[in-house]
**Student:** 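What follows is a structure written as structure tokens; I'll ask about it next.
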Amino acid sequence: MAVKKINRPPQNWWERAYVFEIVRGMSITMKHALKSWFTPEHMPIYQYPEERRPVAERFRGRHRIRRRPDGSPTCVACYCCQTVCPPNAIDIVAEECDDPAIEKRPQSFRINMIRCIYCGMCVEACPKDAIYMSQDYEFANQTREQLHFELEDLLDVEKGDR
Amino acid sequence: MPEWAQSIMTSSITWAVLAGVMAYMLTLVGIPVYTWWERRGAALIQRRPGPNRRGPYGLVQAIADAVKLAVKEDVVPAGANKWMHAIAPMIVMTVALTTFAVIPWSGDIELFGKTVRLQVADLNFGIIFILAISSMAVYGVTLAGWSSNNKYSMLGGLRAGAQMVSYEIALGLAVVGMVLVYGTLKLNLMVAGQEGSLFQWGLFQAPLAFLIYMVATYAETNRVPFDLVEADSEIVAGFHTEYSSLRFGLFYMGEYVHMAVSAVLTVILFFGGYHVPWAHTLFGTTPYATLFPWVMAALAALCLALAWDTSRPKRRALTQGNMIFAAILVAVAGGALLLATLYGLFYDVAWFAALCSMVTQVAVLVVKFLFFFWLFIWVRWTVPRFRYDQLMKLGWKVMLPLALFNIGLTSVLVLAGWL
Amino acid sequence: MPKLTIDGVEIEAAQGQSVLDAALAHGIHIPHLCYHPRLKVSGNCRMCLVEIEKAPKLQISCGTEARDGMVVQTKSEKVLKARQSVLEFMLINHPLDCPTCDQCGECKLQDYCSEHGQEESRYGEEKHGFDVLDVGPDISRNMNRCIHCTRCIRFLRDVAGSEEFTLYERGSHTTVGPYLEKALESPFSGNLAEVCPVGALTCKHFRFKGRSWLMEKSRTLCPGCARGCNAYAWTSKQEVLRLTPAENDFVNQSWLCNAGRASIAQIEAKNRILEPTRATAMEELAGVLRALIEKDEGEKVGVLASPRLTNEDLYLIRKLAREVIGTTHLAFVPGMSDDRPFGPLDTPLTEWFIRADPTPNSHGARDILHSTEHTENAFDLIEAAEKGEISSLLVFSEDPVTSFGDVDRATKALGQLDFLAVIDSHFSPTAELARLVVPEASFAEKDGTFTNEQGRIQRLRAAIPARGHSQSAWQTVTEVAKHLGTVWTFNSAAEVDREIASKIPGYQDLDFDTLPLEGLALVQADEADQAEAEESTPDQDKKE
């Protein structure tokens, strides 16, 4: 086995005595403890459920699919997102749409959120600007099946303007 | 005061029971608080809040943890020696609790012509008793490591055996130094020997012994920086890897009881026990009775400050249950102030004044004890763990010679009459 | 032979070949939309414009004959500019609905626009929209996407032989469609989906089933008739989504009939047999046979094979019947003979394309089963069963109850048998009578070879894994034979083929792995006679 020699700076007798350095260290930790106790608001933390770490504007969270004004999904099941998806997390089944102007719509649109790597390629690929990534990252769940998001899980909560 | 009440108050059994209750309060009742304190202390040093959700300041968290621990599955590993596996945590806990028997919680007080003291057993070999009993803790730890049939436990047990035996020597020799200084084995006499000026404290009488004693104590209690016995980054959890549920709980509590004993003993040996320095000079002939209202006032002030802190709106703390806690604090403060007032009214009743001075002494001891308990936590989150060879080197090549040198030095000084 | 220079490369073209054909033949791609190698030149899309030296303006390469000394530029600035303009005109009314369009990924317009088109449209007006018109059950028409290349019109008129489509209206209202809004009736209308360079005509059965780039395609055969059309099976998630023609100049050119395309329906048919009657079916079957063989009554076993099976299946069935069971009662149902020429011919597809024999391997069955001393007809087997000459019957992929003609008589005859086992992919009246039913893989799930009517051995490739517990007949037979104590070591169709090559006359050149894409013509016993017969057939037809 190779041995790597590290040249540490030599210690003087004060440092070698150890006790004094411990006292110095303890004064540092005590300083922190007192700071934390008397000014808890300056702790560099977020109390999670009540306080949220602000996410960036371009944060890529769970997917959402925009709705048309009538509430139907904007998606036309072109499979572009499924095609570009690096981990093959998206699975689409297309069907005929009653509206001849729309022609095609997703019968099922499933994203496996466990597989998803949140790269955002699907958003880039979408020719209809139907899929986007919201800032929501809190969708932990009990089973794998519950993390297979179906179309109804992905649709925007509100009706869109597109 | 009726005759029967006087006989009860002057009975040594009463005070032994009360001393037992005192030990019980500081250990078993205190453990939830200690664990909470340890976690909050760690968190504060690391600039985070720690458990702050359940109950005021997160205090109920410890109880929740205890309940969780109690209802967990009690696993005995296959191939374990069931008998030894069961008995090991009991040894640790029993040994740690037994040592409290000889701790004097207060000085002698006169009650109706009799002298009583808050102490379970006034053994004339008190300090030897403590050393003898506490050195048995190594059996618990070593047996736990051996009986678990797990190589990590085995390593932990072996380390415990070697470490505790090594440092016991230094600890014992440091105590021998103190025995030389005080000229007695009785703990209450040792405390009595530190009455008077601050420089009568063992710390100033034998600073080297104090240093050796502190280091050895940390090693004996398996606390950081000497927690090689359970070194979680090396051997999982050491001797208690294979323990779960309340058996693990016993080890866990045993550690805190052990810390409590060590802290109390440190106070008694080196920090004047229940004495306040220069008490007689400053506060007259019955200094502790005189101090009683001030102690009560301080308690009330602390409670009120905490109550205020609890009830004020904070950015991060949850307010759940805090108003009840504040109310309790205010009630305690009121009680303390009432007692102070009562002292003002009845200070000339001899037995009442004597009881008050006893309470003061216990309070002084507890305050000192709390500091040393905090020191355990404080050191834990400051100092990194030793390597095993460093530990052994320190124990045998530094501590032992130093302790021997300390005995020689102390002997010379005692003989020379300087101590 | 004219020599010309295209993009600085000197090329020798065939006499009368167009510049486009010559360029394509030499690997120089000139974009083209209305041009189709198997259709007449129309020259209306202007996509294949090239610059020819000394010509006053750009010329369409599809309509310009290659001449000696021509100097052609296909990538000059002028040509590229022209292409861009042509595409811009086409996109004036072409909707940008690639996401919904089924042609997406196979669309020539899409390819050329991404290669040569402009980034943005300069057209500010509203696009012209057409009403939806249903043109029949096979093809869906979207007039908005049409670029008026008239490929479909030319295909139906010149190739399919049914002049059903035409152009009507003028200008941007120009519509391609059937006369009087009639539905398409041509049995070859499915080809329009491939003929159409854009998404104006797409396959209705495949509508929205998948995207071309997400599917895998494997070259296999259409099982629909004795022609043995080459086809691609397009699969996704282990499901065959469509069958499209694969080029084979000797068999099907670029075409596939509607019935052939529909043959994928049998893979997922409701009456598909996926599980054997019992898990121990094979042992039981072998047990019955063993008992008969031990009593020396192998002759009382009848075996009925089918020309729907591959050569490998048939060969091992024969081997089992002859060598293991030792019966002479081995039969198959012969396909109908077709006296029309096989082609490919220049005449309309209706005159020669679909064969009268609906089974893909009659020729192979004849070759393999007749190459033994004695083989009966399926009808003889029924009669043999009636007379009590056979007491047990193994039926492979056949339905004698229906094909015999007289259902009651056949049912009665089969009812007299001690034992009837059916190895088939689909339930049939015969399977209902059987004591044991063993699942058989469908055409898309098995490897093997078919010999088409013309005597051309072609490869069938498994596009998807076999459904359920089905397997190829040769595997079933091998398993049974193993239970009967043989030491057969066939692990793949290729291994069976090696034995076929050595045992069956005419198949000596058969090598599973090196079988050419266009198939392998059988080595005839009397090659000279056969060649003469083949040559004379078309002539006779013409005379008549």
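Chain letters run A, B, ... following the sequence lines, proteins first, then strands; residues in each count from 1.
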**Student:** Could you report the tightest heavy-atom contact between B:W378 and A:S27, atom names first, then the distance?
**Tutor:**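 Where B:W378 meets A:S27 most closely, the heavy atoms are CZ2-N, 4.5 Å.
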**Student:** Run the side-chain contact (heavy atoms from CB on, under 4.5 Å) check on B:T382 and A:I22 step by step: do they pass?
**Tutor:** CA-CA 8 Å; B:T382 305; A:I22 286 180; 5.5 Å; no
**Student:** Look at atom CD of A:E152 and say whether more than 12 heavy atoms of other residues, nucleotides or ligands are closer to it than 6.0 Å.
**Tutor:**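 Enclosed: over 12 neighbouring heavy atoms sit under 6.0 Å from CD of A:E152.
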**Student:** What distance separates B:Q46 CD from A:M43 CE, expressed to the nearest 0.5 Å?
**Tutor:**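 Between atom CD of B:Q46 and atom CE of A:M43 there are 11.0 Å.
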**Student:** Tell me if a side-chain donor or acceptor on B:W381 pairs with a main-chain N or O of A:T29 at a distance below 3.5 Å.
**Tutor:**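 Looks like no, no N/O pair under 3.5 Å.
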**Student:** I'd like to know whether CZ of A:R24 has more than 12 heavy-atom contacts from other residues, nucleotides or ligands below 6.0 angstrom.
**Tutor:**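 It does not: A:R24 CZ has 12 such atoms or fewer within range.
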**Student:** Check step by step if side-chain contact (heavy atoms from CB on, under 4.5 Å) holds for A:Y18 and B:V383.
**Tutor:** CA-CA 10 Å; A:Y18 199 69; B:V383 186; 3.5 Å; yes
**Student:** Determine whether A:W37 and B:L44 satisfy the following criterion, side-chain contact (heavy atoms from CB on, under 4.5 Å), listing intermediate values before the conclusion.
**Tutor:** CA-CA 7 Å; A:W37 179 255; B:L44 291 176; 3.8 Å; yes
**Student:** Looking at every non-hydrogen atom in both residues, tell me the closest pair between B:V379 and A:M26 and how far apart they are.
**Tutor:**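 Here B:V379 and A:M26 meet closest at CG2-CE, 3.5 Å.
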**Student:** Return the CD1 to NE2 distance between B:I45 and A:H32, rounded to the nearest 0.5 Å.
**Tutor:**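 The distance works out to 9.5 Å.
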**Student:** Given side chains that start at C-beta, do those of A:S36 and B:R48 come closer than 4.5 Å, heavy atoms only?
**Tutor:**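 They are not in contact (no side-chain heavy atoms under 4.5 Å apart), so the answer is no.
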**Student:** Heavy-atom count around A:E124 CD within 6.0 Å, excluding the residue itself: above 12?
**Tutor:**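 Counting other residues, nucleotides and ligands, CD of A:E124 stays at 12 neighbours or fewer.
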**Student:** More than 12 foreign heavy atoms under 6.0 Å from CZ of A:F139: is that the case here?
**Tutor:**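 Enclosed: over 12 neighbouring heavy atoms sit under 6.0 Å from CZ of A:F139.
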**Student:** Using heavy-atom distances under 4.5 Å, tell me whether A:K31 contacts chain B through its side chain, its backbone, both, or neither.
**Tutor:**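 Contact with chain B is absent: no heavy atom of A:K31 under 4.5 Å.
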